[in-house]
Amino acid sequence: MTSLYTPEQIEQLFTHVDGRYGFARWGRPIAPVVFGVEDDTLRTVKGAVEAVATFAGHQMAETDPELGANLMFFFFREWSELLEVPDLDRMIPGLAELVDRLSEANASQYRAFRFDDQGGIQAAFVFLRMSGELAKIPAESLALAQAVQVFLLWGDQAFAQASPLAVLPESGATIVRPEIAGVIAAAYDRMMPVAATDASHALRLYARLQASTSMPAPHES
């Protein structure tokens, strides 16, 4: 397989607004939990996480020994609802100020990460305000996009110009874009580090993509 990304494009995927390179992947099995949805949507979200875990080659778990659940999805209508979630302010420092800022910005989504001693992702929190355009997105597509965005610490603008998903013209099925699926699979290669702050890491990802002989099958929804 030939990478669809140049080394410079891969570097941009993990470059943050302050210009620094910052990459991290999960350093432990992922144990997800979903709040604020019905059972059908809960299964859809967990299914999307499992699909990305499959082509990443990463493990899932029922529980995390330290945290119980280490990947939490919150679906709600107004940001102020987060202030009513028991103990959430203990997991998200400065929650009240964050809610004020997101409400003022009329934001539709927010992701927060916690990291372990090696810099790998230890826990992640996904907040989705289901109103406006976000509420119009099919559940399968929304869940798959969010799963992709939480599997790695991406740069702030990684998907500002293009969604991590694509639609197959033949069937209309939604898939993870092959180049994004390839980057995720390369990032989870056992020879790659769980975290990196040097842009040379992008060259290592590029080399892994070039060395691959086949693309992991994208998930259809």
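Throughout, residue positions are numbered sequentially from 1 according to the sequence presented. The shown structure was predicted, so the numbers you read here are calculated from the model rather than taken from an experiment.
- Within a 6.0 Å radius of CD in Gln59, no more than 12 heavy atoms belonging to other residues, nucleotides or ligands are found.
- For Arg25 (side chain) and Met192 (main-chain N/O), a donor-acceptor pair under 3.5 Å exists by modelled atom type.
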Practice prompt. Test Val85 against Phe76 for side-chain contact (heavy atoms from CB on, under 4.5 Å), laying out the working first.
Written response: CA-CA 11 Å; Val85 178; Phe76 49 90; over 6 Å; no
Name each donor-acceptor pair under 3.5 Å that joins a side chain in residues 92-108 to protein atoms two or more places apart or in another chain, with its distance.
unit_1, atom_1, unit_2, atom_2, d
Ser103, OG, Val99, O, 2.8
Asn106, OD1, Arg129, NH1, 2.9
Asn106, OD1, Arg129, NH2, 3.3

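- Residues passing the salt bridge (Lys or Arg N to Asp or Glu O under 4.0 Å) test with Glu170: none are found, sequence neighbours excluded.
- Not counting sequence neighbours, the partners of Glu66 by the salt bridge (Lys or Arg N to Asp or Glu O under 4.0 Å) test are Arg28.
- Between Val37 and Met130 there is no side-chain heavy-atom pair separated by less than 4.5 Å.
- Using a 4.5 Å cut-off between side-chain heavy atoms of Ile, Leu, Val, Met, Phe, Trp and Tyr, with links allowed through other members, Leu13 and Phe113 fall into the same hydrophobic cluster.
- Counting only heavy atoms from C-beta outward, the side chains of Ser141 and Leu165 approach each other to under 4.5 Å.
- In this structure, CG in Leu128 is found 8.0 Å from CZ in Arg111, a value given to the nearest 0.5 Å.
- Judged as a side chain to side chain donor-acceptor pair (under 3.5 Å), the pairs with a partner in residues 68-85 (not counting sequence neighbours) are, in order, Asp64-Asn70.
- Partners of Phe74 by ring-ring contact (aromatic ring centres under 6.0 Å, His included), not counting sequence neighbours, listed by chain and number: Phe35, Phe127.
- Atom OH of Tyr5 is separated from atom CZ of Arg177 by 4.0 Å, given to the nearest 0.5 angstrom.
- Heavy atoms only, all atoms of each residue included: Ala61 and Pro29 are closest at CB-CB, 3.8 Å.
- Phe115 and Leu67 are assigned to two separate hydrophobic clusters, defined by single-linkage of ILVMFWY side chains at heavy-atom distances under 4.5 Å.
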Practice prompt. Might you work through the side chain to side chain donor-acceptor pair (under 3.5 Å) test for Gln146 and Gln109, ending with a clear yes or no?
Written response: CA-CA 10 Å; Gln146 294 300 323; Gln109 55 186 293; 2.9 Å; yes
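- The side-chain heavy atoms of Arg208 and Leu205, taken from C-beta on, include no pair separated by under 4.5 Å.
- Pairs passing the side chain to side chain donor-acceptor pair (under 3.5 Å) check and including a residue from residues 44-57, sequence neighbours excluded, do not occur.
- Within the 4.5 Å cutoff, the side chain of Leu144 has heavy atoms near those of the Val52 side chain.
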Item to complete: Take Phe73 and Thr41 through the test side-chain contact (heavy atoms from CB on, under 4.5 Å) and record every step on the way to the result.
Response: CA-CA 11 Å; Phe73 292 86; Thr41 303; over 6 Å; no
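- With contacts defined as side-chain heavy-atom distances shorter than 4.5 Å, the pair Phe151/Leu71 does not qualify.
- Considering only residues two or more places apart in sequence or on other chains, His201 meets the ring-ring contact (aromatic ring centres under 6.0 Å, His included) condition with Tyr21, Phe23.
- Residues Val148 and Val34 fall within the same hydrophobic cluster, defined by Ile, Leu, Val, Met, Phe, Trp and Tyr side chains chained together at heavy-atom separations under 4.5 Å.
- Neither Val126 nor Leu83 shares a network with the other; the hydrophobic side chains, linked directly or stepwise wherever heavy atoms of I, L, V, M, F, W or Y lie under 4.5 Å apart, form separate groups for each.
- In plain terms, the two heavy atoms of Gly120 and Ala195 that are nearest each other are N-CB, 4.2 Å.
- For the atom pair CD1 of Ile10 and CD of Glu179, the computed distance is 10.5 Å after rounding to the nearest 0.5 Å.
- By the salt bridge (Lys or Arg N to Asp or Glu O under 4.0 Å) test, Arg90 is found to be paired with Asp87, residues two or more places apart in sequence or in another chain being considered.
- Within the model, atoms CG of Asp89 and CG of Leu82 stand 11.0 Å from one another, a figure rounded to the nearest 0.5 Å.
- Taking both residues in full, the closest heavy atoms of Pro7 and Ala202 are given as O-CB, 4.0 Å, listed atom of the first, atom of the second, then distance.
- The shortest distance between side-chain heavy atoms of Phe55 and Val176 falls below 4.5 Å.
- Annotation for Ala187 and Leu152: closest pair CB-CD2, 3.8 Å, computed over non-hydrogen atoms.
- Listed by chain and residue number, Phe14, Phe159 satisfy the ring-ring contact (aromatic ring centres under 6.0 Å, His included) test with Trp154 (two or more places apart in sequence, or in another chain).
- Atom CG of residue Leu203 and atom CG of residue Asp198 lie 9.0 Å apart, to the nearest 0.5 angstrom.
- Not counting sequence neighbours, Asp117 has no partner by the salt bridge (Lys or Arg N to Asp or Glu O under 4.0 Å) test.
- Two different hydrophobic clusters hold Met72 and Leu153 under the rule that ILVMFWY side chains link at heavy-atom gaps under 4.5 Å.
- A distance of 12.0 Å separates CZ of Phe75 from CD of Glu38, quoted to the nearest 0.5 Å.
- Screening residues 6-19 for salt bridge (Lys or Arg N to Asp or Glu O under 4.0 Å) gives Asp18-Arg20 as the qualifying pairs, with residues at least two apart or on separate chains.
- Applying the side chain to side chain donor-acceptor pair (under 3.5 Å) test to residues at least two apart or on different chains, none of the pairs has a partner in residues 182-195.
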